[in-house]
Amino acid sequence: MVALVRAPEATRDGLPDPVIALANESGVPVHSDTGLIAVGVLFSKLKPDCVVISSYNRVVPGDWLTQSRFINVHYADLPKYRGRATVNWAILNGEPEIGISIHGVHSGLDSGDILFRKVIPIGDSETVTDLYRRLNEIQRGALADAIEKAVRGERGLPQDESAATYACGRNPEDGEIEWSGSTLGIYRLVRALTSPFPGAFTYFEGKRLLIHKAEPAPDSRTFVGRVPGRVIAVSRSAGYADVLTADGVLRIFEVQRDEEKPVAASELIRSTRDTLGLRKSDLIERIEMLEKELAMRQELQPIVAPRPSGKG
């Protein structure tokens, strides 16, 4: 008996999920509840010979591991980068390469014996979208053989625990750009948070602004007086805006306001008087505006006379 556990909202660019579509075509039952309780009920019911895990963000209970063989797909060259958001962190940390490991599941975090591993270089301009596409292709080609090895009883190669490193999870708020950081660091942040992730963002005119595409500006002028986040050039013809960082200039090509479509940066960022980022003055202005609105509402509140008690 074969079954697939996968949330129905796992789609790409609004298109039907190809994994779910393939399961439906093949007559494989699809279970949409990915919670541990629901998965545990299914696990007890099916009593599978082998369970394959890929992109599942929960820790499998230890007692399950004694009842079946578990195999996990992890996008890192284990034992390095155990944990969460590994491809994002590899880009953020400027790693020259990223790996994929298919391993048996032990009680420790990503600590099982390696059945398959492959390392690929990270290009200087590659995004997390690009890397996931390449790693997914490797997984599609290698996973079946790794499962067959495990089912035949092969244990794989043990990991060197002394070389283990770990990566923590990331929240959408972690994508905020600090313009006082380096150009390279901000560029890496943009590349590390492209689709399907929420995106690197800043604030412009008091509203959140996603930055989808950017790069260090070539042959930028040397500024001995700089305000990080200040726009220094806008090209309407090329669609970009140049913004100062702590040590250089980031050229922004594509941006998006919440709930709006992505546009060329020069459509929103139009002046060298503009500054990106949320400053204290922006917060103070917003507070003052809210205080004025509240005061006006209170002035407009009708005065209601107390009702007579009917006594006396």
If you define the side chain from C-beta out and look only at heavy atoms, does anything of Ile20 sit under 4.5 Å from Asn24? yes
Salt bridge (Lys or Arg N to Asp or Glu O under 4.0 Å) partners of Arg257, counting only residues at least two apart: Glu205
Any chain of hydrophobic side-chain contacts (each under 4.5 Å) joining Ile98 to Val128? yes
Identify the heavy atoms of Ala246 and Ser180 that sit nearest to each other, and give their distance. CB-O, 3.0 Å
Closest approach of Ala146 and Ile102, non-hydrogen atoms and distance? CB-CG2, 3.7 Å
CG of Asp160: more than 12 outside heavy atoms within 6.0 angstrom? yes
Heavy atoms of Ala217 and Asp242 approach each other most closely as CB-OD1, 4.2 Å
Does the side chain of Arg251 reach to within under 4.5 Å of the side chain of Pro218, using non-hydrogen atoms? yes
Student check: side-chain heavy atoms of Lys292 and Leu294 closer than 4.5 Å: no
Quick one: are Ile53 and Ile71 in side-chain contact, heavy atoms under 4.5 Å? no
Is the backbone of Glu267 close enough, under 3.5 Å, to the side chain of Arg270 for a donor and an acceptor to pair up by distance? yes
Rounded at 0.5 Å granularity, tell me how far CG in Asp77 sits from OG1 in Thr86. 11.0 Å
For Asp110, does its backbone N or O pair with a side-chain atom of Gln159 as donor and acceptor, under 3.5 Å? yes
With heavy-atom distances below 4.5 Å as the criterion, would you say the side chains of Asp247 and Ser182 are in contact? yes
Set out, in order, the CA-CA distance, both residues' side-chain angles and the distance that settles side-chain hydrogen bond (donor to acceptor under 3.5 Å, both in side chains) for Ser54 and Gln139, then state yes or no. CA-CA 10 Å; Ser54 181; Gln139 179 183 173; 3.1 Å; yes
Using side-chain heavy atoms (C-beta onward) and a distance below 4.5 Å, is Asp274 in contact with Ser271? yes
Which atom of Ala76 lies closest to which atom of Ser101, heavy atoms considered: O-OG, 2.7 Å
Any side-chain heavy atom of Leu65 within less than 4.5 Å of one from Val60? yes
Looking at Arg152, I want to see if its CZ is surrounded by more than 12 non-hydrogen atoms of other residues, nucleotides or ligands under 6.0 Å. yes
Please check this pair: side chain of Thr183 against backbone of Pro216, looking for a donor-acceptor N/O pair closer than 3.5 Å. no
Quick check on Asp63: does its CG atom have over 12 non-hydrogen neighbours (other residues, nucleotides or ligands) under 6.0 Å away? yes
Might you work through the side-chain contact (heavy atoms from CB on, under 4.5 Å) test for Leu189 and Ile177, ending with a clear yes or no? CA-CA 8 Å; Leu189 183 66; Ile177 294 171; 3.9 Å; yes
Pair Val151-Glu148, side-chain contact (heavy atoms from CB on, under 4.5 Å): steps then yes or no: CA-CA 5 Å; Val151 172; Glu148 287 184 4; 5.7 Å; no
Find out if a path of hydrophobic residues (ILVMFWY) with successive side-chain heavy-atom gaps under 4.5 Å connects Val51 to Ile114. no
Considering residues at least two apart in sequence or located in another chain, which fulfil the salt bridge (Lys or Arg N to Asp or Glu O under 4.0 Å) criterion with Arg226? none
Residues in side-chain contact (heavy atoms from CB on, under 4.5 Å) contact with Asp174, at least two apart in sequence or another chain: Arg170, Asn171
Write down the atom of Cys50, the atom of Ile147, and the distance for their closest heavy-atom approach. SG-CG2, 4.3 Å
Without swapping roles, check the side chain of Thr202 against the backbone of Gly277 for a donor-acceptor pair under 3.5 Å. yes
Sorted by chain and residue number, the side-chain hydrogen bond (donor to acceptor under 3.5 Å, both in side chains) partners of Ser266 (sequence neighbours excluded) come out as none
Apply side-chain contact (heavy atoms from CB on, under 4.5 Å) to the pair Leu276 and Ile252, showing each step before the final yes or no. CA-CA 11 Å; Leu276 304 187; Ile252 303 173; 3.9 Å; yes
Flag the pair Lys207 / Asp258 as yes when at least one side-chain heavy-atom distance between them is below 4.5 Å, and no otherwise. no
Which residues satisfy the side-chain contact (heavy atoms from CB on, under 4.5 Å) test with Val5, sequence neighbours excluded? His31, Thr34, Val39, Leu42
Given Arg191 and Thr127, is the side-chain hydrogen bond (donor to acceptor under 3.5 Å, both in side chains) satisfied, shown in steps? CA-CA 4 Å; Arg191 290 166 48 218; Thr127 66; over 6 Å; no
Roughly how far, to the nearest 0.5 Å, is the NZ atom of Lys80 from the CD atom of Glu95? 7.0 Å
I need the full list of ring-ring contact (aromatic ring centres under 6.0 Å, His included) pairs touching residues 201-237, with sequence neighbours left out, sorted by first then second residue. Phe201-Tyr203
Of all the heavy-atom pairs spanning Leu4 and Ala23, show the shortest one and how long it is. CD2-CB, 3.8 Å
When rounded to the nearest 0.5 angstrom, what is the spacing between CG in Asp124 and CG in Leu184? 9.0 Å
Pair Arg6, Asp17 - check salt bridge (Lys or Arg N to Asp or Glu O under 4.0 Å), show working. CA-CA 10 Å; Arg6 190 169 174 90; Asp17 186 311; 2.7 Å; yes
Chi angles and distances behind the side-chain contact (heavy atoms from CB on, under 4.5 Å) call for Arg140, Ile138: CA-CA 5 Å; Arg140 282 191 287 269; Ile138 295 171; over 6 Å; no
Name all pairs fulfilling the ring-ring contact (aromatic ring centres under 6.0 Å, His included) condition that reach into residues 69-120, sequence neighbours left out, sorted by first residue then second. Phe43-Phe70, Tyr75-Tyr132
Just verifying a value: how many Å separate Leu244 CG and Thr272 OG1, rounded to the nearest 0.5 Å? 11.0 Å
Which residues satisfy the side-chain hydrogen bond (donor to acceptor under 3.5 Å, both in side chains) test with Tyr166, sequence neighbours excluded? Arg82
If hydrophobic clusters are built from ILVMFWY residues whose side chains come within less than 4.5 Å, do Trp179 and Leu92 share one? yes
Distance col, row Leu131:CG vs Thr194:OG1, nearest 0.5 angstrom, shows 8.5 Å
Leu290: which other cluster members, linking ILVMFWY side chains closer than 4.5 Å, directly or transitively? none
Other residues, nucleotides, ligands: >12 heavy atoms within 6.0 Å of Arg58 CZ: yes
CD-CD1 distance between Glu137 and Ile100, expressed to the nearest 0.5 angstrom: 10.5 Å
The side-chain contact (heavy atoms from CB on, under 4.5 Å) partners of Pro121 (sequence neighbours excluded) come to Arg134
Sorted by chain and number, sequence neighbours left out, side-chain contact (heavy atoms from CB on, under 4.5 Å) with Asn57 holds for Arg84
Applying side-chain hydrogen bond (donor to acceptor under 3.5 Å, both in side chains) to Thr165 and not counting sequence neighbours gives none
Please check: side-chain N/O of Gln256 versus main-chain N/O of Glu260, any donor-acceptor pairing under 3.5 Å? yes
